[in-house]
Structures are given as C-alpha cells and as structure tokens.
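Position 1 is the first residue of the sequence, and the numbers go up from there. Basis for what follows: all heavy atoms, side chains included, without hydrogens, waters or symmetry-related copies.
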Amino acid sequence: MGAETLRAGAAAVPITPLDEHLGGDLYLGGYGNYRSRPAEGNHDDLWARTLVLGDGEQSLAIVALDLVGISNIQLDAIRSEAGAATGLSPAHILIASTHTHHSPDLQGLWGGTPEAYKTHLRQQTVRSIIEATADQQEARAQAGSVQLTGLTRNRRGWDTTDDILTALALSRPDGSPLATLVNFAVHATVMGPENRLVSGDFPTYLREALEGERGGLAVFVNGAQGDSEPVASGDFQQARAYGEAIAEATLAALQDAEPLSGPLVIADQPLELPIENPLWQTMTDAGILEYAIPREDERPHLPTRVSYWRLGPADVPSGLLQAVSVPGEAVTRLGQAIRGCLTARHCLLLGLTHDTLGYLMLDDEWMTGRNDNYEESVSLGQKAGQVVHVALVGLAAEDQ
C-alpha cells in the first residue's frame, strides 16, 4: 500500500457511569464549588469515540471523551495501555475532551469520582482504541469548512470567536460512510449548573443528528473554545436544538467537500509548561487536584505535548488538511494566531487534546480585566499559552 492510500477505522464505547459508580461519590465537573454537584443519575450516554487514520507508514488515533477534562495520570495510563495493545505510538494517540459540564470530574477540581469509575473509564477508552484499530479498512477522505456565525458569543468581550467549522468525512471504497469528525469551538454548556444528570450536552445531539443523516460514526472535538460560549441556554431540548444546528452546518460544509489523499505526516513536540499559579500546586499538595506534577529546582511544571499532522501532499493546498492539538482551552485570539501559521484550506484545531491544562492565551491579553480575569485565575499562568503557540508555529514551519 502506498502512502497515498488511506486506511481508517472507528469505534464508540460507552463511558457512562454504571449504577455502582453513582450514589454520592461521583461529582459532575464544570460548574459550582467543590463537591457541590453530586451526580443524581444518567440522562444520556457518554462515549469514548475513536477514529484511527493511517497511510501504511504513519498512523494516529483521535479519541474524543465526553468529559469536561481528564488528568494526566489517567491519560498516561490510557495511552500506555492502548499503545501496548495496538502498536500505536502513545504520542500518536490524541485524546480530547468534549468539555461537557455534565460529566464525571476526572480532574479532582469539583470532588472527583470513585476509583471504580476511573478504572471503568480507562478500560472502556482503551477498548475503543483497540476496536477502532482493528476496524481499519481502505478509506476515502474529504474535508469541508464553513463559517458558522450566530451560535456563539465571546465571554471575554471580544467581537468574535473562532467560527470556522471543519469536518473530515471518511467513507469506504463503495461510498458508504465510515466516520465524520467535526471540529468547532464552543463550550458544551447549553445546560446550566442546575442540571445534576450525566449528559454529553449538545455534542450528544450533534452526533445523533449527523449519524441519522449520513450514517457512520460521528466524532466531535472542540476547538479554541476558551472564551466561546453558546448563545443558547436551557434544558435538554435547547441542547438538542443547538446540537442539531451544528449538525446542519456540518452537512453544509460537506456539500462542497474536497477529496484528500495521503501521505499522513505527523510531528509532535514534548513541552514543559511552568506552573505560575500557586493554586495548582496547593490543590495538588492537598490531594484535591489529580495531576502528577514533577518538580525540578523547586520550579513546578507540567510535562505535556503538542501535535501537528498533515493529510495530503504539501504542494496541493486544495487537497490538504492540516491539524494541530492544544493541551488546554485556547481563547479565541490564541486560536486565531495558531491558525495563522497554517496554510491549508482546511484546518483542525483540536482543543483540550493531549491534556486539560486550563486556559491558554497570548501575553497581551493577560490580566487585562476581561471577564474579570476569570480565565487567568484558573490557568497555569501567563507563560503557558506562549509556550504552546511558539511550539505549534515551529512544527508547522518545519512542514513548509
């Protein structure tokens, strides 16, 4: 098989809490104070949805978890186990969180979850990667993008959000749909803190609508959503309507989709993000925050990585897809700066991928009073966003 020929596989495995995980020790993340939102039951299933893509020489897995976030302890375990079981490089297993605020707290910020649920989550996520890897078959790829306005607002007071929706569609040689990856930047917070039921929020309904129209498996990965929130708010009906609106935009983007081929080019770079916010270290030392934080020379930092990958020949912009990963919540202006280093007609900015390390922004936006500096208060610090930006610009430049 030549590098122009693509193979793909997809699988979805539920990560919904079981009955034995509920009952008081499983807290929902994303809203409220510590231990203020114990889960009262399940409304809709949460999923580990995996897309494996390869060209016979390189391969990667994109895993979307219906979680507000997940700690590096859990991520390292999943990547290690899945890599050993599939032969995939752990660095090429890109695990993202959809950022639903109605999911179990796998970071410890809001009260955490029972150990039994963490084990269940790891096993189910690894299973989804194994199944998607085993499902690989020859595939055709297309990409489409559309500007999607009117569904988001910038909570930091800027007049724009990252409103580019990009979809990657994969089909079998006979034309039947295999999978659709949707990338769009918006908090999964249509429903508010009053909800106590486990739910994927709007991504659940986005995927259901897309699968109903196209077939195959739908995967949603968030973008530079650090300051992008939905204009809609309310209950499950509002979440459904919002998800269906994004599904409709996805179908519109794919009407003018352009074909892609190999090769698949992958590059990644390990990073060390300095922890300048003492709250991170204090919460870790107190056993609240579930992160492994190494110390060197008394300067705490978090090891992470960023990834860049390209699908298609570099000299054919119309048949090219570029993608980058951001290990946290990039705000709009950082997302736009990262997009500025990409040259392809279709680009994926995979947010909350590889890690969930708080908000990331450019230096000139730091502590300017926007949104009462909320994002700054729960970030690693001023330097983290710049480190990520410089690394991704460098990886993209190396592929020019």
Colleague: Quick check on E248: does its CD atom have over 12 non-hydrogen neighbours (other residues, nucleotides or ligands) under 6.0 Å away?
Modeller: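 12 or below, so no.
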Colleague: The test is salt bridge (charged side-chain N to carboxylate O under 4.0 Å, His left out); show your working for R240 and D44 and say whether it passes.
Modeller: CA-CA 12 Å; R240 177 182 293 278; D44 49 88; over 6 Å; no
Colleague: For the pair H99 and H101, name the ring-plane relationship: parallel under 30°, tilted 30 to 60°, perpendicular over 60°.
Modeller: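 Aromatic pair H99/H101 classed perpendicular.
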Colleague: Can you tell whether the side chains of E375 and R155 come within less than 4.0 Å, N to carboxylate O?
Modeller: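 Here E375 pairs with R155 in a salt bridge, since their nearest N and O are under 4.0 Å apart.
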Colleague: Answer yes or no on whether R37 is positioned over the face of W110, meaning its NZ or CZ is under 6.0 Å from the six-membered ring centre and within 45° of the axis.
Modeller: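 Not flagged: R37 not positioned over aromatic ring of W110.
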Colleague: Got a salt bridge between E211 and R207, using NZ or NE/NH1/NH2 to carboxylate O under 4.0 Å?
Modeller: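 R207 and E211: not salt-bridged.
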Colleague: With distance as the sole criterion, is a donor-acceptor pair present between the side chains of S128 and T50 under 3.5 Å?
Modeller: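 There is such a pair (donor and acceptor under 3.5 Å, judged by atom type) between the side chains of S128 and T50.
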Colleague: Run V52 and D135 through side-chain contact (heavy atoms from CB on, under 4.5 Å) and show every step you take.
Modeller: CA-CA 9 Å; V52 174; D135 182 57; over 6 Å; no
Colleague: Distance only, no hydrogens: is a donor on one side chain within 3.5 Å (strictly under) of an acceptor on the other, for N154 and D227?
Modeller: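 Short answer, yes.
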Colleague: Taking 4.0 angstrom as the limit, do R333 and D364 come out as a salt bridge?
Modeller: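 Yes, R333 and D364 are salt-bridged.
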Colleague: Among side-chain atoms of H21 and T113, is any donor-acceptor pair under 3.5 angstrom?
Modeller: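 On atom types as modelled, these side chains do not qualify, holding no pair under 3.5 Å.
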Colleague: Under a 3.5 Å distance rule, please check whether T161 uses its side chain to pair with a backbone N or O of Q225 as donor and acceptor.
Modeller: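 No; judged by distance alone, with no hydrogens or angles, the pair does not exist.
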Colleague: Report the C-alpha distance between V13 and T125 in whole Å, list the side-chain angles of each, state the deciding distance to 0.1 Å, and finish with yes or no for side-chain contact (heavy atoms from CB on, under 4.5 Å).
Modeller: CA-CA 7 Å; V13 175; T125 303; over 6 Å; no
Colleague: I'd like to know if the side chain of T282 reaches the main chain of L279, judged simply by a donor and an acceptor atom lying under 3.5 Å from each other, with no hydrogens or angles considered.
Modeller: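 Here the side-chain-to-backbone pair does not exist.
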